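Here the structure comes first, spelled out in structure tokens, and everything after it is commentary.
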Amino acid sequence: MEIKVYKEIMEASDQIAQQIRDLLDNFRIFAINLISSPGSGKTTLLERLIPVLEESGIKIGVIEGDLATSNDAERISRLNIPVAQINTGSGCHLGAEMVHQALKGFPLAKINLLIIENVGNLVCPTGFYLGENIKIGMMSVPEGDDKPVKYPLLLNVSEAIILNKIDLIPYTNFNKDNFINYCKRINSKVKIFETCATTGEGITEFVDWLILKSKT
């Protein structure tokens, strides 16, 4: 009975996620589900990423997921783009119903790229479809080069992995070759981008790939 109940919950969630996908397709919006652990630099990355995307003619909207506060949404709103904050309370991930509600009243006609910044967690968000086109995982140097093998589910569902805070490599025992090999061992097709969100290093390469991906 417990398995059946769980299956029904997941099926209901997937149905709502498909409604989101249909809605976004209607407006020709490409959606990203960005997943990482807390403190990896997701919001700082977006602050760097969004202006570069806008220079390429991309119009962006952001949904911010967090347990509490609207701090991240306030930061992103300073870039003068549409943004919605979702607070999950004790929830460890965003759900399709939450995203569906956040999109009500969202100016979808004014964007062609939606970035969903999920709650900081490398496990729970990987198993839930939110109507996105792709999932992108993000890890950072201080978390260690063995992070991919500790959280293989993220690699399995992600089309790209962003390795952030590469400026800290000289000050740690982080082995970049090990990190890349671990990623490729789990998902041979995954793209890996090396970035420093505070300086902007690697942002252009990621933007070029993202624009190409959104057009395929």
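It should be emphasised that the depicted structure is a prediction, and the values quoted were computed from it without experimental measurement.
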For Asn175, is there any backbone N or O sitting under 3.5 Å from a side-chain donor or acceptor partner on Asp145?
yes

Counting only N and O atoms by type, is there a donor-acceptor contact under 3.5 Å from the side chain of Asn187 to the main-chain atoms of Ser158?
yes

Give the intermediate values and the outcome of side chain to side chain contact (heavy atoms under 4.5 Å, CB included) for residues Leu46 and Val62.
CA-CA 9 Å; Leu46 293 185; Val62 174; 4.2 Å; yes

Ionic contact status for Lys59 with Glu54, cut-off 4.0 Å:
no

Using modelled atom types only, decide if a donor and an acceptor are shared between the side chain of Asp25 and the backbone of Arg28 within a distance under 3.5 Å.
no

Within-4.5 Å side-chain heavy-atom neighbours: Val141 and Asp167
no

Quick check: do Val123 and Tyr151 have side-chain heavy atoms less than 4.5 Å from each other?
yes

Side chain to side chain, Arg48 and Val52, heavy atoms closer than 4.5 Å:
no

Rounded to the nearest 0.5 Å, how far apart are CG of Leu45 and OG of Ser140?
11.5 Å

Look at Glu64 together with Arg75 and state whether they make a salt bridge at an N to O cut-off of under 4.0 Å.
no

Looking only at atom types and distance, does a side-chain atom of Asn118 sit under 3.5 Å from a main-chain N or O of Leu94, one as donor and one as acceptor?
yes

Over 60° means perpendicular and under 30° means parallel, so classify the ring planes of His93 and Phe128, tilted if in between.
parallel

Do Asn87 side-chain atoms and Gly89 backbone N/O form a donor-acceptor pair below 3.5 Å?
no

Got a sec, which residues hit ring pair (Phe, Tyr, Trp, His ring centres under 6.0 Å) with Phe174, two or more places apart in sequence or on another chain?
Phe179

Which heavy atom in Thr88 sits nearest to a heavy atom in Leu67, and how many Å separate them?
OG1-CD2, 3.3 Å

Exactly one of Lys135, Lys213, Lys191, Lys189 clears side-chain hydrogen bond (donor to acceptor under 3.5 Å, both in side chains) with Glu159, and that residue is Lys213

Side chain of Asn26, backbone of Asp22: donor and acceptor closer than 3.5 Å?
no

Go through the structure and list residues passing side chain to side chain contact (heavy atoms under 4.5 Å, CB included) with Leu23, not counting sequence neighbours.
Phe27, Leu103, Leu108

Which value, rounded to the nearest 0.5 Å, describes the distance between Lys184 atom NZ and Leu155 atom CG?
10.0 Å

Minimum side-chain heavy-atom gap Ser40-Glu143 below 4.5 Å:
yes

